[in-house]
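Values below: every heavy atom of this structure, side chains too, minus hydrogens, waters and symmetry copies. Quick note: residue numbers are just sequence positions, from 1.
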Amino acid sequence: MDLLTLAGLIIAFTSVFLANWLGGGELVLLLNLPSAIIVVIGSIGAALIQSTLSNSLRSLAMFKWTLFPPRYNLSNARQSIFLLAVKARKTSLVSLDNDVTNLNSALAIRALQMAVDGTDADELTERMHDEAIRLREKRESAIEFMESIGGYAPTLGIMGSVLGLIQAMANLNSPEALGHGIAVAFVSTLYGQGFANLVIFPLAKKVAFYADQELLYNQLLIDGIHGIALGKHPQRLDVELSGYE
């Protein structure tokens with residue numbers, strides 16, 4: 001679990017509540033279920049309208065990366081490529097057939113299998129790099145779905161405030177109730193800004209970071225397998241791949 005994500009969320013929300021408390025505000029005024037519903041549910045609904053089912057489901061699957069991130073260890077990947085290169089040099093490229101499933105990447109597994117099957121090295125690397133980029137583009141579409149939720153949240157917050165003001169204006173004959181109603185109405189605006197800038201956008205940035213790491217990891221393995229297919233010396237190949245770190 002990524003404890004830094006939890007710590008960041010706790011610090012961010014604590015700062016809001018602390019500032020409200022230091023300013024003499026009442027905590028209960030910041031807790032408003034209708035405001036949360038219109039901002040959170042409304043923003044997600046608006047994002048779903050512009051998206052596709054597959055893209056939204058992909059985004060949901062990637063959202064868990066914020067707490068349970070994938071591990072892309074570039075040093076371990078380099079070491080794996082080095083060992084495969086040594087084995088291929090001592091025996092043959094075909095001997096790597098038993099090692100295909102040991103790679104922690106679906107694209108790398110396919111690339112190594114193609115190399116073992118005798119696919120041209122340049123054709124292999126070009127095709128697999130294209131697939132790695134297409135995978136990153138799919139990830140980007142899912143990230144854009146997350147960011148669209150954050151984009152709609154402030155507007156939905158304003159809408160919630162307008163609805164609150166409409167209800168508050170119904171109490172013009174009671175100044176005390178009117179003041180309380182206006183205070184509660186503006187909570188929706190706070191929720192919209194907070195949901196977007198303290199939750200959605202930071203989490204989307206974190207997911208984008210892991211997507212970039214995934215692309216880098218796949219490219220390292222693909223270039224390494226390309227070098228193995230060309231018969232490069234393991235030490236030379238390792239030096240070339242060191243640029244990824």
Self-check item: Test side chain to side chain contact (heavy atoms under 4.5 Å, CB included) applied to Asp212 and Arg136, step by step
Solution: CA-CA 7 Å; Asp212 288 337; Arg136 179 62 182 87; 2.8 Å; yes
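- Of the candidates Thr52, Leu48, Leu60, Phe145 forms a side-chain contact (heavy atoms from CB on, under 4.5 Å) with just one, namely Leu48.
- With hydrogens and angles disregarded, no donor-acceptor distance shorter than 3.5 Å links the side chain of Ser59 to the backbone of Asn55.
- Scored by the salt bridge (Lys or Arg N to Asp or Glu O under 4.0 Å) test, Asp2 finds Lys206 as partners (sequence neighbours excluded).
- You'll find the side chain of Asn104 stays beyond 4.5 Å of the side chain of Asn76, heavy atoms only.
- To the nearest 0.5 Å, atoms CG (Leu9) and CG (Leu67) are separated by 8.0 Å.
- Nearest heavy-atom pair, Thr189 versus Ile158, reported as atom, atom and distance to 0.1 Å: OG1-CA, 4.2 Å.
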Self-check item: Worked verdict on Thr66 versus Tyr210 for side chain to side chain contact (heavy atoms under 4.5 Å, CB included)
Solution: CA-CA 9 Å; Thr66 58; Tyr210 289 125; over 6 Å; no
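- Side-chain contact between Leu203 and Met146: absent, with no pair of heavy atoms (C-beta onward) separated by less than 4.5 Å.
- Within the model, atoms CZ of Arg89 and OG of Ser95 stand 13.0 Å from one another, a figure rounded to the nearest 0.5 Å.
- Here ring pair (Phe, Tyr, Trp, His ring centres under 6.0 Å) pairs that include residues 6-59, with residues two or more places apart or in two chains, number zero.
- The OG atom of Ser51 lies 12.5 Å from the CD1 atom of Ile44; values are rounded to the nearest 0.5 Å.
- Of the possible donor and acceptor atoms, none in the side chain of Ser148 sits under 3.5 Å from a partner among the backbone N and O of Ala47.
- Hydrophobic clustering (side-chain heavy atoms under 4.5 Å, transitive across Ile, Leu, Val, Met, Phe, Trp, Tyr) groups Tyr152 together with Val187.
- A 4.5 Å side-chain heavy-atom check between Tyr191 and Val40 finds every atom pair outside the cut-off.
- Linking ILVMFWY side-chain heavy atoms closer than 4.5 Å, directly or via other members, places Ile41 and Leu33 in a single hydrophobic cluster.
- There is no path of hydrophobic side-chain contacts, each under 4.5 Å, that joins Ile11 to Leu4.
- The two residues Ser188 and Ser35 come nearest to each other via the heavy atoms OG-OG, 2.8 Å.
- Without hydrogens or angle criteria, Thr125 side chain to Ala121 main chain gives no donor-acceptor distance under 3.5 Å.
- Counting side-chain heavy-atom gaps under 4.5 Å among Ile, Leu, Val, Met, Phe, Trp and Tyr, the cluster of Leu53 also holds Leu57.
- Residues Met159 and Leu156 meet the side-chain proximity criterion, which asks for heavy atoms closer than 4.5 Å.
- In the displayed structure, Glu126 atom CD is contacted under 6.0 Å by at most 12 heavy atoms of other residues, nucleotides or ligands.
- Applying the ring pair (Phe, Tyr, Trp, His ring centres under 6.0 Å) test to every pair with at least one member in residues 37-68, sequence neighbours left out, gives no pairs at all.
- Here Ile143 contributes atom CD1 and Arg58 contributes atom CZ; the two are 11.0 Å apart, rounded to the nearest 0.5 Å.
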Only pairs under 3.5 Å count here: list side-chain donor-acceptor contacts from residues 217-231, not counting sequence neighbours, and write none if there are none.
{"from": "Asn218", "atom 1": "OD1", "to": "Ser105", "atom 2": "OG", "distance (Å)": "2.5"}
{"from": "Asn218", "atom 1": "ND2", "to": "Glu214", "atom 2": "O", "distance (Å)": "3.3"}
{"from": "Asp223", "atom 1": "OD1", "to": "His129", "atom 2": "NE2", "distance (Å)": "2.6"}
{"from": "Asp223", "atom 1": "OD2", "to": "Tyr244", "atom 2": "OH", "distance (Å)": "2.2"}
{"from": "His226", "atom 1": "NE2", "to": "Asp122", "atom 2": "OD1", "distance (Å)": "3.0"}

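- Sparse packing is recorded around CZ of Phe186, with 12 or fewer heavy atoms of other residues, nucleotides or ligands lying under 6.0 Å away.
- By the 4.5 Å side-chain criterion applied to Ile, Leu, Val, Met, Phe, Trp and Tyr, Phe82 is assigned to a cluster that also includes Leu83, Val86.
- Between atom CD of residue Gln79 and atom CG of residue Leu84 there is a gap of 10.0 Å, rounded to the nearest 0.5 Å.
- Contact between Ala111 and Met128 at its shortest, heavy atoms only, is CB-CG, 3.8 Å.
- Remark: side-chain polar atoms of Thr119 are not paired, donor with acceptor, to backbone N or O of Leu124 under 3.5 angstrom.
- Phe201 and Leu198 sit in two unconnected hydrophobic clusters of ILVMFWY residues. Membership requires side-chain heavy atoms under 4.5 Å apart, directly or through other members.
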Quiz item: When you look at Leu96 and Lys87, which way does the side chain to side chain contact (heavy atoms under 4.5 Å, CB included) test go after all the steps?
Solution: CA-CA 8 Å; Leu96 302 182; Lys87 182 176 181 180; 3.8 Å; yes
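- The hydrophobic cluster containing Leu103 also contains Leu237, counting ILVMFWY residues as joined when their side-chain heavy atoms lie under 4.5 angstrom apart, directly or transitively.
- Atoms CG and CG, on Leu30 and Asn20 in that order, are 4.0 Å from each other to the nearest 0.5 Å.
- A salt bridge is absent between Arg127 and Glu131: the closest approach of a Lys/Arg side-chain nitrogen to an acidic carboxylate oxygen does not fall below 4.0 angstrom.
- Within 6.0 Å of atom NZ in Lys138, 12 or fewer heavy atoms from other residues, nucleotides or ligands are found, so the atom counts as exposed in its surroundings.
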